[in-house]
Amino acid sequence: MATRLPVTQRYSAVAIAFHWTIAVLVIVNLIVGIGHDAVPALRAWMPGHKAIGITVLALTLARVAWRLAHRPPPLPGFVPAWERGVAHATHWTLYALMLAMPLSGWAMVSGPQGRRPLSWFGITDLPYLPVDASGASAGHEVHEILGWVMLALVLIHVAAALRHHLILRDSVLLRMLPRAAR
Ligand code: HEM
Ligand code: HEM
């Protein structure tokens, strides 16, 4: 059964704040990105999709810099070695996607044709990336393919967290929950 953990075995408040802020923004962007073709109402959200995506890029750069200087608490001893390996690989692939998705999206909208002002929530206009038409179309291709890869990995990641919490009933998800939710 999930039990109280000593403070040292939990992720720190900074890690938890980064995790959940970025998770919510990425989930919104996956839904809006995948849905915007089929659901006309979501098309109006595309300027927000772009601004959220660039926010994710900035937050992820800060998170990775912070993470490289702060080791996470070790996984509980009952987690088998294979699962530690898979978790580690999944987490670093997610970090890579949190950088690659915004960068490829930004490249896609930076091509010389069809540029529109790239507004960050109406507060300021962002610059374009220095790419030509073929760079923009490569960005488009990468953005579409990695979007599906990211959706799949996020679903696996969430399923793994829920398996720990609901089936194995151990403390793995609690390590990442904000204090108020524990
Ligand atoms: C966390 C970051 C992001 C995620 C997870 C994300 C995800 C997605 C996904 C899943 C799609 C649908 C791909 C498809 O057509 O199947 C999409 C489309 C799109 N994204 Fe993003 N995106 C992100 C950031 C950005 C950024 C920063 C920009 C531009 C500045 C952008 C611009 C676009 C555009 C223009 C489309 C529509 C492409 C089309 O209609 O073919 N995205 N996004
Ligand atoms: C788009 C959404 C998400 C992304 C991109 C994401 C990304 C990540 C990353 C990169 C880590 C590794 C942290 C580190 O040690 O450096 C992590 C850890 C974790 N995530 Fe997520 N996450 C997402 C959503 C979720 C959701 C919805 C849940 C819960 C249902 C969840 C549960 C966890 C847990 C429990 C850990 C800690 C695992 C451990 O102790 O090793 N995540 N997440």
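Remember, it's 1-based here, ligands and their atoms both numbered in the order they're listed.
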*Quick check: does any side chain N or O of Ser104 sit under 3.5 Å from a backbone N or O of Met101, one acting as donor and the other as acceptor?*
yes
*If only protein N, O or S atoms under 2.8 Å count, total around atom 21 (Fe) of ligand 1*: 2
_His140 side chain to Met108 backbone, donor-acceptor under 3.5 Å_ = no
*Okay, side chain of Arg63, backbone of Ile22: is any donor-acceptor separation there less than 3.5 Å?*
no
*Hey, is there an N, O or S on His19 sitting under 2.8 Å from atom 21 (Fe) of ligand 2?*
yes
*Say whether His91, considering both its backbone and side-chain N or O atoms, lies within less than 3.5 Å of an N or O atom on ligand 2.*
no
*Do His36 and His49 come within less than 4.5 Å of each other through their side chains, counting heavy atoms only?*
no
*With a 4.5 Å heavy-atom cut-off, do Phe78 and Leu168 have their side chains touching?*
no
*asked:* How far is atom 14 (C) of ligand 1 from the closest protein heavy atom, and which atom is that?
replied: Glu144 CG, 3.6 Å
_Closer than 4.0 Å to some heavy atom of Val26 - which atoms of ligand 2 meet that?_
1 (C)
*Please work out whether any backbone atom (N, CA, C, O) or any side-chain heavy atom from C-beta onward of Met46 is under 4.0 Å from ligand 1, and answer side chain, backbone, both or neither.*
side chain
*Could you tell me whether some N/O pair between Asp37 and ligand 1 is separated by less than 3.5 angstrom?*
no
*Parallel, tilted or perpendicular, as decided by the 30° and 60° cut-offs, for the rings of Tyr95 and Trp92*: tilted
*Which residue owns the protein heavy atom closest to atom 40 (O) of ligand 1, what's the atom, and how far is it?*
His36 NE2, 2.9 Å
*Check: Leu174 main-chain N/O paired with Ser171 side-chain donor or acceptor under 3.5 Å*: no
*Is Arg67 in polar range of ligand 2, meaning some N or O pair under 3.5 Å apart?*
yes
*In the protein, which heavy atom is nearest to atom 28 (C) of ligand 2, and how far is it?*
Trp20 CH2, 3.4 Å
_Is it the case that ligand 1 has an N or O less than 3.5 angstrom from some N or O of Trp106?_
no
_For atom 5 (C) of ligand 1, what is the closest protein heavy atom, and at what distance to 0.1 Å?_
Leu30 CD2, 3.8 Å
*Numbered atoms and elements of ligand 2 in range of Leu173, under 4.0 angstrom, heavy atoms*: 29 (C), 35 (C)
*Say whether, by atom type as modelled, one donor and one acceptor occur between the side chain of Arg67 and the main chain of Ala15 under 3.5 angstrom.*
no
*Pick whichever of His157, Met176, His165 has a heavy atom sitting closest to atom 20 (N) of ligand 2.*
His157
*Measure the acute angle between the ring planes of His157 and His19, then classify it against the limits of 30° and 60° as parallel, tilted or perpendicular.*
tilted
_Protein heavy-atom partner closest to atom 41 (O) of ligand 1 - residue, atom, separation in Å_ = His140 NE2, 2.7 Å
